[in-house]
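Read through the structure below, which is laid out as structure tokens, and then see the notes.
Computed from heavy atoms alone, side chains included, the values below leave out hydrogens, waters and symmetry copies.
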Amino acid sequence: MNNSPIGLFDSGMGGLSIWRELYTHLPNESLLFFGDGVRCPYGSKSKEQILSYTVEAVERLIAEGCKLIVIACNTATAVAIEHLRATYPHIPFVGLEPAVKPAALSSKSGCVAVLATKRSLEGELFTATSARYADRVNILKAVGEGFVELVEQGLENSPEAEACVSRVVEPLIAAGADKIVLGCTHYPFLKDTIERVIADREVEVIDSGEAVCRRVEQLLDSNSLRAESQNKASYRFLTLADESYLQMLEKRAYGY
Ligand code: DGL
């Protein structure tokens, strides 16, 4: 048993899509969310920059006493997860990876699309996973150009968002994709908009939230780190940005 918080890290607000899963399904667990907010988006930054930002955040979360850390950012996971596991072997880490497997196994058209940042799509993790399913399905890769910025500005339900999503998603549907995998934690905030663009076509949107929550539970159990059943969970938010960003993180975590 351990009542210390679970730490979550993202370049900005996207990781709140994972925070919400943990908040909903693990009510006894305290959560400490770190959203950089200043250097976001990470997707177009160099590997060296992303690695150093991620290490900085993880060290802060460790200093705050986190018992397990979720890298709630596909981009940071792609660049840093191996380094983190090797450098901090006493901390269990959960990383984010696009849910290619369920998409590939359930596709009827034989074509699935993965939406992620440039850096994630170039990563070794993603390259290895897609190679595993390459004989079963055709995997289309697309960068959600402008998506992260829209979410950071709270514009995910705006006409601009619909136009932006449509520019990226329409060609994927036209190419035959019947599954769209959200490979960036910011993108679930755009799920309603993506579904509006899909309209009545038979295309399913898949994200990694539930799978990540299951993985966190497995690791809590295998490391005997579950909080006590009577633990009163606390929720804290950290950012490198200003007070108004912090308030926004909190507001969006609880969905108001
Ligand atoms: N939320 C992030 C991800 O899952 C990063 C987006 C960004 O900062 O570019 O990839």
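We find the NZ-CG distance between Lys141 and Leu115 to be 13.0 Å, quoted to the nearest 0.5 Å. Atoms NE2 and CG, from His186 and Leu16 in turn, are 8.5 Å apart once rounded to the nearest 0.5 Å. Glu149 contributes atom CD, which lies 11.0 Å from atom CG of Leu155 (distance to the nearest 0.5 angstrom). One distance of note links OG of Ser234 with CG of Leu31; it measures 8.0 Å at 0.5 Å rounding. A distance of 8.5 Å separates OG in Ser130 from CG in Leu121, rounded to the nearest 0.5 Å. To the nearest 0.5 Å, atoms CD (Glu145) and CZ (Arg167) are separated by 9.5 Å.
Between Tyr42 and Phe9, the two ring planes are tilted [angle within 30° to 60°].
No donor-acceptor distance shorter than 3.5 angstrom exists from the side chain of Lys179 to the backbone of Val203, with no hydrogens or angles considered. When atom types are taken as modelled, the side chain of Asn231 and the backbone of Ala227 share no donor-acceptor pair closer than 3.5 angstrom. With hydrogens and angles ignored, the 3.5 Å screen pairs no side-chain donor or acceptor of Ser30 with any backbone N or O of Ser4. Remark: side-chain polar atoms of Ser208 are not paired, donor with acceptor, to backbone N or O of Ala211 under 3.5 angstrom. Judged by distance alone, the side chain of Lys101 and the main-chain N or O of Tyr133 form no donor-acceptor pair under 3.5 Å. A donor-acceptor pair under 3.5 Å links the side-chain atoms of Asp207 to the main chain of Gly209, judged by distance alone. In this structure, the side chain of Arg201 engages the main chain of Ile198 through a donor-acceptor pair within 3.5 Å. Between the side chain of Thr75 and the main chain of Gly43, no donor-acceptor pair closer than 3.5 Å is present. Under a 3.5 Å cut-off, the side chain of Ser17 and the backbone N or O of Gly14 do form a donor-acceptor pair. Proximity of a side-chain donor or acceptor of Asn2 to a complementary backbone N or O of Leu225 within less than 3.5 Å is not detected.
The neighbour count for Glu210 CD, taken as heavy atoms of other residues, nucleotides or ligands under 6.0 Å away, does not exceed 12. When the shell of 6.0 Å around CD of Gln49 is examined, it contains more than 12 heavy atoms from other residues, nucleotides or ligands. Within a 6.0 Å sphere centred on CD of Gln230, heavy atoms belonging to other residues, nucleotides or ligands number more than 12. Heavy atoms of other residues, nucleotides or ligands lying less than 6.0 angstrom from NZ of Lys191 number more than 12.
With hydrophobic clusters built from ILVMFWY side chains whose heavy atoms lie under 4.5 angstrom apart, Leu26 shares a cluster with Leu68. Cluster membership for Leu249 and Leu61, using ILVMFWY side-chain heavy atoms within less than 4.5 angstrom, is not shared. In the hydrophobic clustering of this structure, Ile18 groups with Val148; members are Ile, Leu, Val, Met, Phe, Trp, Tyr whose side-chain heavy atoms approach within less than 4.5 Å, directly or through other members. Linking ILVMFWY residues whenever their side-chain heavy atoms come closer than 4.5 Å, directly or via other members, places Val165 and Val151 in the same cluster. Linking ILVMFWY residues whenever their side-chain heavy atoms come closer than 4.5 Å, directly or via other members, leaves Leu96 and Val143 in distinct clusters.
Residues Pro102 and Ser106 share a closest heavy-atom pair of O-OG, 2.8 Å. The shortest heavy-atom contact between Ser109 and Ala177 is OG-C, 4.2 Å. Among all heavy-atom pairs drawn from Ala99 and Val181, the shortest one is N-CG1, 3.3 Å.
In this structure, Arg252 forms a cation-pi arrangement with Phe189, its terminal cationic atom sitting closer than 6.0 Å to the ring centre and no more than 45° off the ring axis. In this structure, Arg85 forms no cation-pi arrangement with Phe93, as its terminal cationic atom is not both closer than 6.0 Å to the ring centre and no more than 45° off the ring axis.
Under the 3.5 Å distance criterion, with hydrogens and angles disregarded, no donor-acceptor pair is assigned to the side chains of Tyr235 and Glu29.
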Could you walk me through whether Glu202 and Lys108 satisfy the salt bridge (Lys or Arg N to Asp or Glu O under 4.0 Å) test, starting with their C-alpha distance in whole Å, then the side-chain angles of each, then the deciding distance to 0.1 Å, before giving a yes or no?
CA-CA 10 Å; Glu202 300 251 318; Lys108 293 197 186 78; 5.8 Å; no
Worked verdict on Glu228 versus Asn3 for side-chain hydrogen bond (donor to acceptor under 3.5 Å, both in side chains)
CA-CA 7 Å; Glu228 290 167 72; Asn3 293 338; 2.9 Å; yes
Stepwise, does the salt bridge (Lys or Arg N to Asp or Glu O under 4.0 Å) test hold for Glu122 with Arg119?
CA-CA 5 Å; Glu122 284 169 2; Arg119 200 49 76 201; 2.9 Å; yes
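Side-chain contact check for Ile69 versus Val58: some heavy-atom pair is nearer than 4.5 Å.
Between Tyr23 and Tyr254, the distance from one ring center to the other falls under 6.0 angstrom.
Grouping Ile, Leu, Val, Met, Phe, Trp and Tyr by side-chain contacts under 4.5 Å, direct or through others, leaves Ile206 on its own.
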